[in-house]
Protein chains: 2
Amino acid sequence: MPPCRARYRGDGWAGGRPGRIRRFIEPAVLLLLHQGPAHGYGLAEGLQALGLGDYPVDVSAIYRALYHLEALGMVTSRVEAEGSAGPPRRIYALTEAGDAYLRAWIEDLRATERLLRQFLEAYDAHTRSHNEPDGSPTRFSEGDAR
Amino acid sequence: MPPCRARYRGDGWAGGRPGRIRRFIEPAVLLLLHQGPAHGYGLAEGLQALGLGDYPVDVSAIYRALYHLEALGMVTSRVEAEGSAGPPRRIYALTEAGDAYLRAWIEDLRATERLLRQFLEAYDAHTRSHNEPDGSPTRFSEGDAR
DNA sequence: ATAGACTATTTGTTAACTGCAAATAGATAA
DNA sequence: TTATCTATTTGCAGTTAACAAATAGTCTAT
């Protein structure tokens with residue numbers, strides 16, 4: 001038996017469908033707060049409008065992002081004085097540090113967007129040149145032990 | 001003491017610098033293999049060329065991605081018959097399933113790229129309209145307990 | 001030879017992100 | 001009272017990746 005090369009932990013999306021690139025929640029929350037104070041539940045709806053509609057985000061992730069950002073000093077919160085049709089809301093607002101942090105995130109996302117474009121362009125360029133009429137050019141061939 | 005709202009696990013990048021959006025390794029490996037069979041160490045160099053140069057990727061992640069893809073039947077491997085300046089290389093190649101999987105990834109990444117553009121556009125639009133002359137419009141103000 | 005440098009693969013550990021499920025709780029309507 | 005809606009909180013488990021280090025083959029210089 002070969003040394004059983006280290007398993008990936010878990011086995012992925014057994015269904016075969018890739019998941020989206022992650023880590024959008026934090027910058028999305030920051031962007032929404034950049035547009036004005038809000039509470040967790042409201043942010044969940046705001047995410048839809050931001051284009052995240054196809055990728056529903058669990059509210060627990062939003063609250064955890066908020067707690068994290070507050071611990072880092074990127075947002076502050078205060079309990080809303082009445083007015084909710086439920087338990088008291090906690091309203092979050094960006095701090096100046098949070099504003100700077102969002103700007104850093106934006107720069108990072110711009111770089112990511114460029115990378116993504118470059119990546120997709122590389123794929124398109126390669127498939128254009130090999131517009132495979134039939135055969136599959138990257139597979140191993142019969143005596144391919146070179 | 002309030003019910004100590006659930007901590008984020010860990011404490012983030014204490015330094016304050018955001019990390020990049022993740023999950024690039026698998027599609028990057030697939031794309032490189034789409035261009036022809038390769039071994040793990042070689043893929044590590046290929047990633048630089050793909051634009052990942054700014055974000056160095058640990059080789060262990062590459063190998064684990066390969067093991068995972070092989071378990072899923074997306075790639076096949078064979079040990080190279082001699083020719084290495086080191087231990088025998090294991091050469092990986094895309095299968096047809098892997099080809100389809102890459103196409104699915106590409107579609108997913110196109111959607112992500114659109115989302116990212118939309119996101120950045122929303123930020124730019126909002127900062128353009130509020131090109132804050134001085135004050136910070138999203139902060140809490142003095143008697144802001146509404 | 002043997003020590004060091006380089007190529008190449010493998011493994012362990014841990015942190016971090018997220019989804020799913022469910023508990024909790026106030027307000028309001030049937 | 002029960003149900004429903006709004007809203008927050010927590011537990012848990014699965015997935016991804018960085019960091020560190022072990023292993024091992026080949027080649028060059030001493």
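Protein chains get the first letters and strands the later ones, always in sequence-line order, with residue 1 at the start of each.
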For this session: Dump the intermediate steps for side-chain contact (heavy atoms from CB on, under 4.5 Å) on B/Leu94 and B/Tyr101, then the final yes or no.
Result: CA-CA 10 Å; B/Leu94 269 193; B/Tyr101 189 52; over 6 Å; no
For this session: Step by step, work out the salt bridge (Lys or Arg N to Asp or Glu O under 4.0 Å) result for B/Arg114 and B/Glu121.
Result: CA-CA 10 Å; B/Arg114 279 192 297 273; B/Glu121 176 51 35; over 6 Å; no
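Take B/Thr95 and apply the side-chain hydrogen bond (donor to acceptor under 3.5 Å, both in side chains) test, not counting sequence neighbours, and it matches no residue.
Remark: P of D/dA17 and CG of B/Leu47 are 12 Å apart, rounded to the nearest angstrom. To the nearest angstrom, P of D/dT9 lies 14 Å from CG of A/Asp58. Between the CG atom of B/Leu72 and the C1' atom of D/dT15 there is a distance of 13 Å, given to the nearest Å. Going from atom OH of A/Tyr63 over to atom C1' of C/dC17 covers 19 Å, rounded to whole Å. At whole-Å resolution of the value, CZ in A/Phe24 and P in C/dC17 are 15 Å apart. Rounded to an integer number of Å, the gap from NE2 of B/His68 to C1' of C/dT10 is 18 Å. What separates CG of B/Leu66 from P of C/dT9 is a distance of 9 Å, to the nearest Å. C/dC17 atom P lies 16 Å from atom CD1 of A/Ile62, rounded to whole Å.
Of the candidate nucleotides D/dA18, C/dA8, D/dA7, C/dA8 has the atom lying nearest to any side-chain atom of B/His39. Between D/dT8, D/dA18, C/dT9, one nucleotide has an atom nearer to the side chain of B/Arg90 than all others, and that is C/dT9. Among the nucleotides D/dT8, C/dT7, C/dA21, the one closest to the side chain of A/Ser60 is C/dA21. Taking every side-chain heavy atom of B/Tyr41 into account, C/dA8 is the closest of D/dT9, D/dT6, C/dA8. Taking every side-chain heavy atom of B/Arg89 into account, C/dT7 is the closest of D/dT8, C/dG19, C/dT7.
Aromatic ring orientation, A/His34 versus B/His126: perpendicular (interplanar angle above 60°, classes split at 30° and 60°).
In this structure the side chain of A/Leu109 reaches within 4.5 angstrom of the side chain of A/Pro27, judged on heavy atoms.
A close approach under 4.0 Å does not occur between any side-chain nitrogen or oxygen of B/Tyr67 and OP1 or OP2 of C/dT9.
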Seminar exercise, completed: Each nucleotide of nucleotides 25-30 of chain C classed B (base within 4.0 Å of a protein heavy atom), S (only sugar-phosphate) or -, in 5' to 3' order, makes BBS---
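Closest of all the heavy-atom pairs between B/Leu30 and B/Gly98 is CD2-O, 4.3 Å.
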Anything under 3.5 Å between a donor and an acceptor, one on a side chain of residues 38-49 of chain B, the other on a protein residue two or more places apart or in another chain? List them.
unit_1: B/His39; atom_1: NE2; unit_2: B/Gly42; atom_2: N; d: 3.4
unit_1: B/His39; atom_1: NE2; unit_2: B/Arg89; atom_2: NE; d: 3.4

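The base of C/dG12 sits within donor-acceptor range of the side chain of B/Arg64, with an N or O pair under 3.5 Å.
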